[in-house]
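Read the structure below first, then the notes.
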Amino acid sequence: AYIGGAITPGLLLGWNALQQRAAKLYAVDLQHPAASIGNTTESQIASGVLLGYGSLVEGMADRLLAEAGPGFDGATLVATGGCLNLLRLSDRFNVAPDLTLRGLAAYGRLNG
């Protein structure tokens, strides 16, 4: 049974805001960094955006499972969103980038 979840601003929204609002930063190709400590602007941005969002997802999963209480240790965790291919989440996640869009399409077919 679905018991709930959490919604956060997406990776792309955060990445776009960083590019638009940080005057000294510029757009770079997001490549998964070799380490969390970057030594160039590009690797520092990649670390903050990609590793930061991966940590956000993993950390929120830990919090949600802790709040759900005993019995949810084996819960199915589903990560959705179009930028998931940029993250490296642990194997405990069922990664379904287009799940929300598929759900909306099904809803539309049922109510169209």
Side-chain angles (χ1 to χ4, degrees):
Y2 174 75
I3 64 163
I7 298 172
T8 67
L11 185 149
L12 190 57
L13 179 64
W15 171 224
N16 287 335
L18 183 65
Q19 292 176 75
Q20 293 171 6
R21 301 284 183 162
K24 299 287 185 185
L25 296 181
Y26 48 88
V28 299
D29 289 332
L30 286 179
Q31 304 276 332
H32 214 277
S36 58
I37 299 173
N39 57 10
T40 66
T41 300
E42 291 84 359
S43 62
Q44 292 169 10
I45 291 171
S47 175
V49 173
L50 297 178
L51 299 180
Y53 267 91
S55 295
L56 179 148
V57 173
E58 295 281 354
M60 282 300 298
D62 292 341
R63 291 179 74 102
L64 292 167
L65 290 172
E67 285 182 28
F72 285 92
D73 294 335
T76 300
L77 299 173
V78 181
T80 66
C83 293
L84 283 173
N85 61 321
L86 297 173
L87 302 180
R88 294 184 183 161
L89 298 176
S90 64
D91 291 339
R92 65 186 177 159
F93 286 91
N94 178 355
V95 177
D98 61 348
L99 180 64
T100 302
L101 295 175
R102 288 191 327 216
L104 289 171
Y107 179 80
R109 284 191 299 276
L110 290 172
N111 294 293

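Both Leu18 and Leu12 belong to a single network of hydrophobic side chains, linked directly or stepwise wherever heavy atoms of I, L, V, M, F, W or Y lie under 4.5 Å apart. Leu99 and Leu77 fall into different hydrophobic clusters, where Ile, Leu, Val, Met, Phe, Trp and Tyr side chains are chained together by heavy-atom contacts under 4.5 Å.
For the salt bridge (charged side-chain N to carboxylate O under 4.0 Å, His left out) with Glu58, the qualifying choice from Arg63, Arg88, Arg92 is Arg92, the only one to do so.
Contact of the Leu86 side chain with the His32 side chain is not registered, since no non-hydrogen atoms from C-beta on lie closer than 4.5 Å. Using a 4.5 Å cut-off on side-chain heavy atoms (C-beta onward), Asn85 and Pro97 make no contact. Using a 4.5 Å heavy-atom threshold, the side chains of Thr80 and Leu101 count as separate. Looking at Phe93 and Leu84, their side chains never come closer than 4.5 Å, going by heavy atoms from C-beta outward.
With rounding to the nearest 0.5 angstrom, the CG atom of Asp62 is 11.5 Å from the CD atom of Glu67. Rounded to the nearest 0.5 Å, atoms CD1 (Ile45) and CG (Leu30) are 8.0 Å apart.
In this structure, Gln44 has no side chain to side chain contact (heavy atoms under 4.5 Å, CB included) partners at least two apart in sequence or on a different chain.
For Ser55 (side chain) and Leu51 (main-chain N/O), a donor-acceptor pair under 3.5 Å exists by modelled atom type.
Around the CG atom of Leu110, the shell of radius 6.0 Å holds more than 12 heavy atoms that belong to other residues, nucleotides or ligands. Other residues, nucleotides and ligands place more than 12 heavy atoms under 6.0 Å from the CD1 atom of Ile3. More than 12 heavy atoms of other residues, nucleotides or ligands shown are found within 6.0 angstrom of CG on Asn111.
Closest of all the heavy-atom pairs between Ser47 and Ser36 is OG-O, 2.6 Å. Heavy atoms only, all atoms of each residue included: Leu89 and Gly54 are closest at CD2-O, 4.1 Å. Taking every heavy atom of both residues into account, Gly38 and Ser43 meet most closely at CA-OG, 3.2 Å. A pairwise comparison of heavy atoms in Leu87 and Tyr53 identifies CD2-CB, 4.1 Å as the closest pair.
Here side chain to side chain donor-acceptor pair (under 3.5 Å) pairs that include residues 6-16, with residues two or more places apart or in two chains, number zero.
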